[in-house]
Q: 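To start, I am sharing the structure in question, which I have written as structure tokens.
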Amino acid sequence: MRTSIKLRLNTARCNRDEMYPLVFQVLRGGKKRVISLGVSLRKEWFDKTSEQVMRLPSGCGGMKRMREINSHIRTIRTGLENIVRELASKCPDYGVDAVSERYRRQQDLHCFFTFVEQEKRQLEVTGRYNTAGQYESLRNSVARYCVYAGWPERLLLNQITTTFIIDYKKYLERTGLKKSSVSTYLSLLRAVYNRARRIGIVTGDETVFHGSIPRGAPTEKRAVQAGIIRKLMKAELDSFPSLARTRDVFMVSLYLEGMALRDIMNLKRTDIRNGVITYRRSKTGSILRVRVVPELQELIDKYRTDDSYLFPFLLSDKKHGHKNYKSVLRRINRHLHKLEELLDIPFRLTMYVARHSWASLAQECNVPIEKISQALGHTSTKTTQIYLKGFNYHVIDEVNRTVLDNFRKEQGKTGLSC
């Protein structure tokens, strides 16, 4: 029994522009199944004999779009033919339903949006929520572009070609995004594409991205001077308990060598042994160690409860999850803004500022740059991890002592005297 695969316009369905869906008809044993390509054409644009698009007006993409559709046709036809051969060798009495079902399952795997969603869920399972959020932003951005450019709703990973990438880049630039944001979206798209290529879903190669990703703009410097840190330290906030807790969290980040808020939230009493905190950084999974300085110990004692977490007002045994983290981050940054106004600080404060300030203060103290985790000044976190692995944590402790000694000073200088 022979299986036929034919490309046709579905004339039973017509939209207001007199365009018909382009479909593959799979016929076997007197039965037929229709597989849509997500493309609609007018009759005069399609040649039934050669089963390909012969022309498209410039208003519908012209020659460029015509070549893309014909390439899409060849890809799907090849996929269907492979399915038919596989079924014929394993189950000779298969029917058209088996072909349709096998194709649908493959499409789920080859669909860009499905693939990104699966990667996002895997990142969430491993606790990499920030990266998962970036994947969600990429998925939404590409979806908006597909609507704008007239791509099918089920964009296939093999359809991400050099032409697609260039056009997507132009779209991002037209929306007014900063150069660094455009670079981030394209870098994420490349990461997804290369991941799919490594596991055999994409048949192309990585050269499709060559020359397409612009270099991001230098990271904006957000560090504050030691004088502002001393002002925060000495501020009398007894009448503002919520702001006092926020100030303390900011200082905890500095005492812990610029530790990120998520990692501070995750700290437990069991993480401290012999005066050293050992923790796994949530963003990279690397193991880091920080010695507990006296100022940090005071704050740990101040907020000690029966809870297992060091700072239970941030995260407690009762509330623990990514949504809690996002909520806490928004609240802390909102309170830091209130501290700016209350203390007349001419600088936008966020938890990111604490991390960046520690690194910058260490640099101002003439500490060799290879000994500090100045990740905020790097274009890639990999660079930071490379040199952090090469130093014993006791060396970093010395750096931390040097930094803390400078904003402990009583004098009202705004700079450092290292």
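The structure presented is a predicted model; accordingly, all values stated were derived computationally and were not measured.
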Q: Given 3.5 Å as the limit, does a donor-acceptor pair link the side chain of Ser181 with the main chain of Leu177, or not?
A: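 Not confirmed, Ser181 side chain does not pair with Leu177 backbone.
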
Q: Give a yes or no on this: more than 12 heavy atoms of other residues, nucleotides or ligands lie within 6.0 Å of atom CZ of Arg174.
A: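 Yes, enclosed.
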
Q: Do Asn82 and Arg85 get their side chains close enough for a donor-acceptor pair, meaning under 3.5 Å?
A: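 A pair is found: one side chain offers a donor N or O, the other an acceptor, under 3.5 Å apart.
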
Q: Taking side chain as C-beta onward, heavy atoms only, is Tyr309 less than 4.5 Å from Leu314?
A: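 A side-chain contact is absent here, since even the closest heavy-atom pair is not under 4.5 Å.
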
Q: Measure up the Tyr148 and Tyr145 rings against each other and bin them: parallel (under 30°), tilted (30 to 60°), perpendicular (over 60°).
A: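 Rings of Tyr148 and Tyr145: tilted, 30 to 60°.
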
Q: Under a 4.5 Å cut-off applied to non-hydrogen side-chain atoms, are Met251 and Ile229 in contact?
A: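 Yes, at least one pair of side-chain atoms sits under 4.5 Å.
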
Q: Does the structure place the NZ or CZ of Lys120 under 6.0 Å from the centre of the six-membered ring of Tyr135, at an angle of no more than 45° from the ring's axis?
A: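 That pair does not qualify as a cation-pi contact.
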
Q: Quick check against the 3.5 Å criterion: does Arg247 have a side-chain atom that pairs as donor or acceptor with the backbone of Leu232?
A: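 Answer holds: yes.
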
Q: Side-chain contact test, heavy atoms from C-beta onward, threshold under 4.5 Å: evaluate it for Val192 versus Glu119 and give yes or no.
A: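 In short, these two side chains do not touch, never coming nearer than 4.5 Å.
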
Q: Under 4.0 Å between a Lys/Arg side-chain N and an Asp/Glu carboxylate O for Glu173 and Lys170?
A: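 No, no charged N to carboxylate O under 4.0 Å.
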
Q: Are the charged groups of Lys43 and Glu18 less than 4.0 angstrom apart, N to O?
A: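 No, Lys43 and Glu18 are not salt-bridged.
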
Q: May I ask you to check if Arg28 and Tyr94 form a cation-pi contact, with NZ or CZ under 6.0 angstrom from the six-membered ring centre and within 45° of the axis?
A: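 Geometry flag: set, cation within 6.0 Å and 45°.
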
Q: I'd like to know if Lys338 and Glu341 make a salt bridge, using a cut-off of under 4.0 Å between side-chain N and carboxylate O.
A: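 Salt bridge between Lys338 and Glu341, a charged N being under 4.0 Å from a carboxylate O: no.
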
Q: Just checking Lys32: does its NZ atom have more than 12 heavy atoms from other residues, nucleotides or ligands closer to it than 6.0 angstrom?
A: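 No, the 6.0 Å shell around NZ holds no more than 12 heavy atoms from other groups.
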
Q: So, Thr246 side chain and Ser242 main chain: donor-acceptor pair closer than 3.5 Å or not?
A: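 A pair under 3.5 Å: yes.
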
Q: Name the residue from Phe113, Tyr171, Phe164 that meets the ring pair (Phe, Tyr, Trp, His ring centres under 6.0 Å) definition with Trp151.
A: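 For Trp151, the ring pair (Phe, Tyr, Trp, His ring centres under 6.0 Å) check succeeds only for Phe164.
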
